[in-house]
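Encoded as structure tokens, the structure appears first; notes follow it.
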Amino acid sequence: MMITANDVKSKLIENFNVFELNLQEDESNPIAEIRREALKNFEAMGFPTRRHEEWKYTPVSKYLKYDFEPRTFTDNGFAAKDALPDAAISGLRANVLVFVNGKFQAAHSDIIETDKFEFRDIASAINAEDPYLFSRLNAVIDREKDPFIWLNQAYMRDGAMIRIKDRVKLQYPIYLVNMELPSKGNYLDNVRHLIRVGDHCEASIITNYINRSGEDRNLGNYFTQVEVGDHSHLQFYTLQYELGNGLHIGNYEVQVGKESTFSTFFFSSDGRLVRNVSNIILRGEHSEGHMYGLYSLDGNDHCDNRTVIDHAVPDCFSNELYKGILDGNSVGVFNGKIMVRPGAQKTNAYQHNPNLILSRGATLHAKPQLEIFADDVKCTHGATSGQLDEEHLFYLRSRGLDAANAKALLTYAFAYEVVEKVKIPALREFLEKRIQGKLLIHD
Amino acid sequence: MALLEIKDLYASIDGNEILKGVNLKVNKGEIHAIMGPNGSGKSTLASVIAGREEYEVTKGSVLFEGKDLLALAPEERAREGIFLAFQYPVEIPGVSTANFIKASVNEIRKHRGEEPLDAASMMRLMKEKLALVEMDKSFLSRSVNEGFSGGEKKRNEIFQMAVMQPKLAVLDETDSGLDIDALKIVANGVNKLHNEENAFLVITHYQRLLDYIVPDKVHVLLNGRIVKSGGKELALDLEERGYDWIKEELEAGAPQNS
Ligand SMILES: Nc1ncnc2c1ncn2[C@@H]1O[C@H](COP(=O)(O)OP(=O)(O)O)[C@@H](O)[C@H]1O
Ligand SMILES: [Mg+2]
């Protein structure tokens, strides 16, 4: 019998007790209440249908065709160490934190700069009834919009809680590896990451999502909350190159304090279903949000990027550049909203979404949205889509490059505008190789 | 055997017939100039030789070293030794000149059964040829033609030609828009490369270039046909008298080869 999204929902709610039992959390632990309330919210909302404006082009219920069970075990006969090389970025020295099937792996992790930031895995923070954790869990801003956030909150198993102290400049990035390993069955991993960057800090964080099963019977549901203090700079990189046919939902909620800069990068190139939702709130004056994305899709990849940049106060700046390369029968969705709150004068907000369509079978849905409630603002946006330029192709071919190579070179050139913005050299080289490899450029 | 032999070539674009029976024979070691008023089909001829796919050859043949050139893809022609210096070289943002030329040189070498050049030899080759066209090596790290001045674009074409060492180079109005110094650089590049084994087809509007590149033959292309051929003195005649006298001669049924 065909399983529907509704069946998946019912089963999740029905089996919540079993999940709780498996986790063996204390009955008096405040987390029980937080989980139950989240479950209630999830139950009330249910999974989105196409009728939900936010999900119009991402028919998620189509992919919810297995009775996903929240995973509560880690060891499934597939050793994490065999999969770890997939996460290797050559030449990258970093504070490495590894999560496998949603569970922290101390043995595979390695914090170099122990004195500069605090790390605690969320599972132990829950058991220790950490008040900071609970305050963050109760401070979800996007309460209305996304049932996956509530699903995450009800079923979260673990994650990283990172606090960077004031006046700290991290020398090395924090590298969060999120790995889902193959196992028999249909699994849902709910992972929560909480990041707090203090005042006068500089840091970069890389999150890499790897689904070793590469099957659409694995769903990773991630929720990351980031708080950036005042006078700080945070670069936040997301890599989605190893998802196979896996399903991935990522929600990001970011608050940026005054005179701070937050830069985010999404590199997506895989996945039967990938949805990245970034809600970025500039809540301190003179802060900046920079949003870069590069989705290069083929086959049956479906990648939905949504960003909301919320100018809550005056004098802030935001710039967004998301580029898409669509091949095969892939589907790309881009929805970028610029919100300028009443009183947020002197806002400068720019958004650009160029797309390169390489095949007839590929589909793009691009929707910029402006909601502007102040009058002294500068906002521009534009989405374009087109093919490779025939004149360019002919020029390269007339110099001896075959058509495939000429296309690859031009496609790479298109992508490079985003890649060159990456400030970590090892990561930039890794991305250059990944993109060239995918395009089959040979030396 | 001629290096290039064009026989009764007809070509059209978007249903418009542009070339209407071109005949031309170029031997190794020769420099031919093709002159003619705007719109007479000079760039079309160059494009058909280079293999631009928008042009449809409806009749005739083009042999290159005795082989059917029209059967080859543009990149195969390049590897066989055909080079087109474009009238309007395109700007390609994001593609570095060095990477592109490296790829190009190695494709041609592969075709000839040669090993790819190692990084040092590649650099040496590029530097040597840059010097020939008096370009700074900072050009190499820039995107192909991006933000180049008109003269720089043309010199970049000659630079690429020098690196690729073609058997037949077609220069489509490489001289137009150049000041006299740049013109001399281009001409010098051509003269340095010219030898007994290669040939040049120089398309130009002005006799000026031919003061520096001395052609063995000059052809007049008019309305899609070569209507007159002669020695280098024909270019001087055209400079002085324009094209009208040729049109009149044609109408009067005068012989076409002087
Ligand atoms: N795409 C096209 N469709 C129709 N006519 C064209 C097209 N491209 C060029 N032509 C025509 O072909 C003729 C020859 O053009 P071209 O070969 O560029 O001449 P030249 O290089 O001698 O100035 C011109 O009359 C021009 O208008
Ligand atoms: Mg022309």
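Letters go in sequence order (proteins before strands), and every chain restarts at 1.
- One finds a salt bridge joining A/Arg434 and A/Glu242 here, because a Lys/Arg side-chain nitrogen approaches an Asp/Glu carboxylate oxygen to under 4.0 Å.
- By number of non-hydrogen pairs under 4.5 angstrom with chain A, the leading residue of B/Ile108, B/Val90, B/Ile101, B/Asn99 is B/Val90.
- Taking 4.0 Å as the cut-off between side-chain N and carboxylate O, B/Glu157 and A/Arg399 count as a salt-bridged pair.
- Heavy atoms of A/Glu417 lying under 4.5 Å from chain B are absent altogether.
- Aromatic pair A/His290/A/Phe317: ring centres closer than 6.0 Å.
- The residue among B/His111, B/Glu91, B/Glu54 with the most heavy atom pairs within less than 4.5 Å of chain A is B/Glu91.
- With a 4.5 angstrom heavy-atom cutoff, B/Val105 does not touch chain A via any of its atoms.
- Aromatic ring centroids of A/Phe266 and A/Tyr252 lie under 6.0 Å apart.
- Proximity of the aromatic rings of A/Tyr209 and A/Tyr241 is defined here by a centroid distance below 6.0 angstrom, and this criterion is not met.
- For B/Pro166, no part lies under 4.5 angstrom from a heavy atom of chain A.
- Among B/Gly94, B/Pro89, B/Pro74, B/Ala78, the residue making the largest number of heavy-atom pairs under 4.5 Å with chain A is B/Pro74.
- Taking the six-membered ring for Trp, A/Tyr292 and A/Tyr322 have ring centres at least 6.0 Å apart.
- Heavy-atom pairs under 4.5 Å with chain A were tallied for B/Arg52, B/Glu76, B/Glu53, B/Arg79; the largest tally goes to B/Arg52.
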